[in-house]
Amino acid sequence: KAYPGYYSVVLESTGIKADLTATQNCGFHKYSYPRDKNALLILDLSRGLVDRQSCGGEIKIDPSASEISGYQIACGGLTSRAGGVKFYFFGLVSDAFKEFGVRNSESGIREGISEASGEKIAAYFDFGALNKPLLLKVGISLISTLQAKKNLIEQIPDWDFDKILSQAEADWDAPLNKIEIKGGNPDQRAIFYSAIYHSYVMPTNLTESRETRDRVYLGFDNQVHQADFGIYYSDFSIWDTFRNLHPLLVLLEPKRSVDMMQSLVKMSEQGGFLPRWPTANIYTNCMTGTFADCVIADNYIKGLADFDVEKAYEKMLKVANEPTPKGHPYTGRPGILDYKKYGYLPVESKQPASSTLEYAYCDFCIAQLASKLGKTKGAQEFYQRALNYKNTYDQKSGFFRPRKADGKFSANFSPLRWGGYYTEGTAWQWLWTNWYDPEGLAELMGGKDKVIAKLETLFEKGAQKKSNAL
């Protein structure tokens, strides 16, 4: 059984029932064991969800206080790019354990040992036979074990699982009730509200402590900062979300959206640049383009201005005009000097066909923001650069194509080829990514009738193509 704020499952192999709920920085577990079985608990820091792997950790056990603390270094598909991210934890169990032990990659299980560190860290706890559920509450932190303990004491001060569950349900009811729909069948309504739920999962609130005066977060400079502006967020998959999630949050959650924009600005101040796909307190450098430009411009132009937009604009111009320093974890706009020189990215650049289109759109967003800020010269410059999308359109094939520095289009072109010169797509898909100048695109393609004909070809015949992208 699962719904926002609650998860429950009965493990078939053991008959153990697990009930889970959470607060902002803490998890609350309730385990109900069969009466004829000892209550056993395993904490395995070598494992994670989906592709999140562990590349190290530490466990400390205080049996006299029923405390468990330590950290896990998460090394997933993105966090591993920066050597992993350390998550600290502090946990309390409701009952004293009768036996316990640890293991790591260098040894087997060692009974009665209260500390272990290294790889493949795990611990076991035996509580004997219980005639009541075992409760476990765990605070987490990016800052320290002490902060994790502080979060736990503040957010789950007692052992009332149902109380915390009710709070979690209430926390989720507020956003899920912002939109009321009518009509449709139960399955369609469930799909709609599931999508709204997913819209609130990320970006992640990484502010620690719910008390306004104590709000802190771990910045991109690895220092602890006060979140004096509101809530600090990270885990922005902006390459995916700039076109849908963020415009939705502008409508549904204006204050939350403003805090996200200020969070991006803080990252640029502490790390040097507006990020493309930040997770925790690191640049992952994942994907292409600089779409933080777009979400920031979108917020400001729509009236959400309570963040440092001048600093944001300054940081946009920096990456839009010059390379980032060698060795920096963020690469900004690779090939930016060639882009400014030729008006497109030549084939020697990374995924040049699609990246040229992305750079042009980001330039358009910068121009829109500059215009709103009254920066006429900047607006004129970037509106002109936004037209660079036209420079890679091939009249003969009818697609945006990779082009060499000498102006010639690259040979061996296929509009069905996925990847290569196009980020996660084909020339067919990237043909329609000009969202800001549809009239200009139609003119390039030979007029409205030809645009319609091309769209019909894509939708009516595309699924029959021998390509996983059409």
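Note: hydrogens, waters and symmetry copies are ignored here, and every other heavy atom, side chains too, is used.
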Main-chain N/O of [Y] paired with [X] side-chain donor or acceptor, under 3.5 Å:
X: T284; Y: L78; value: no
X: S257; Y: E253; value: no
X: S199; Y: A195; value: yes
X: W418; Y: T423; value: no
X: S141; Y: S144; value: yes
X: N38; Y: L40; value: no
X: R110; Y: A116; value: no
X: T356; Y: L345; value: yes
X: N281; Y: G219; value: yes
X: Q270; Y: F220; value: yes

- Message: Working note: V102 + I121, criterion side chain to side chain contact (heavy atoms under 4.5 Å, CB included); need CA distance, chi angles, decisive distance, verdict.
- Response: CA-CA 7 Å; V102 297; I121 294 292; over 6 Å; no

Do the side chains of [Y] and [X] get nearer than 4.5 Å, heavy atoms only?
X: R103; Y: S46; result: yes
X: I181; Y: R189; result: yes
X: D306; Y: F229; result: no
X: F192; Y: I179; result: yes
X: L369; Y: Y313; result: yes
X: L264; Y: P275; result: yes
X: I59; Y: Q72; result: no
X: D19; Y: F161; result: yes

Side-chain donor-acceptor contact under 3.5 Å, [X] with [Y]:
X: Y232; Y: D259; value: no
X: E208; Y: N25; value: no
X: D171; Y: Q167; value: no
X: T23; Y: Q155; value: yes
X: N131; Y: R35; value: no

Between [X] and [Y], is the ring centroid distance below 6.0 Å?
X: W435; Y: F364; result: no
X: H328; Y: F273; result: yes
X: Y436; Y: Y361; result: yes

- Might you work through the side chain to side chain donor-acceptor pair (under 3.5 Å) test for Y200 and H198, ending with a clear yes or no? CA-CA 5 Å; Y200 281 86; H198 291 144; over 6 Å; no

Under 4.0 Å between a side-chain nitrogen and a carboxylate oxygen: does that hold for [X] and [Y]?
X: K315; Y: D293; value: no
X: E310; Y: K375; value: yes
X: K132; Y: D95; value: yes
X: D308; Y: K266; value: no

Counting neighbours of [atom1] on [X] that are heavy atoms of other residues, nucleotides or ligands and sit closer than 6.0 Å, is the number greater than 12?
X: K302; atom1: NZ; result: yes
X: Y193; atom1: OH; result: yes
X: K37; atom1: NZ; result: no

- Query: Does the pair C294/C362 show an SG-SG distance of less than 2.5 angstrom?
  - Reply: no

- Task: Over all heavy atoms of both residues, which pair between G83 and C75 is shortest? Give the atoms and the distance, please.
- Result: O-SG, 4.1 Å

- Write down the atom of W239, the atom of R243, and the distance for their closest heavy-atom approach. O-NH2, 2.8 Å

- Pi-cation contact, Y359 with R333 (under 6.0 Å, within 45°): yes

- Task: Would you sort out whether K30 and L20 count as a side chain to side chain contact (heavy atoms under 4.5 Å, CB included), showing the intermediate values?
- Result: CA-CA 6 Å; K30 180 169 70 172; L20 308 174; over 6 Å; no

- Message: Under the criterion side chain to side chain contact (heavy atoms under 4.5 Å, CB included), I'd like the reasoning laid out for R215 against Y217: C-alpha separation, chi angles, the key distance, then a yes or no.
- Response: CA-CA 7 Å; R215 287 175 180 165; Y217 66 93; over 6 Å; no

- Tested for side-chain hydrogen bond (donor to acceptor under 3.5 Å, both in side chains) against R276, the lone hit among N285, T288, T290 is N285

- Item | side chain to side chain contact (heavy atoms under 4.5 Å, CB included) evaluation trace for Y197 with L176 | CA-CA 7 Å; Y197 164 75; L176 293 176; 4.0 Å; yes

- Message: Parallel, tilted or perpendicular: which one describes the rings of Y6 and Y3, with boundaries at 30° and 60°?
- Response: tilted

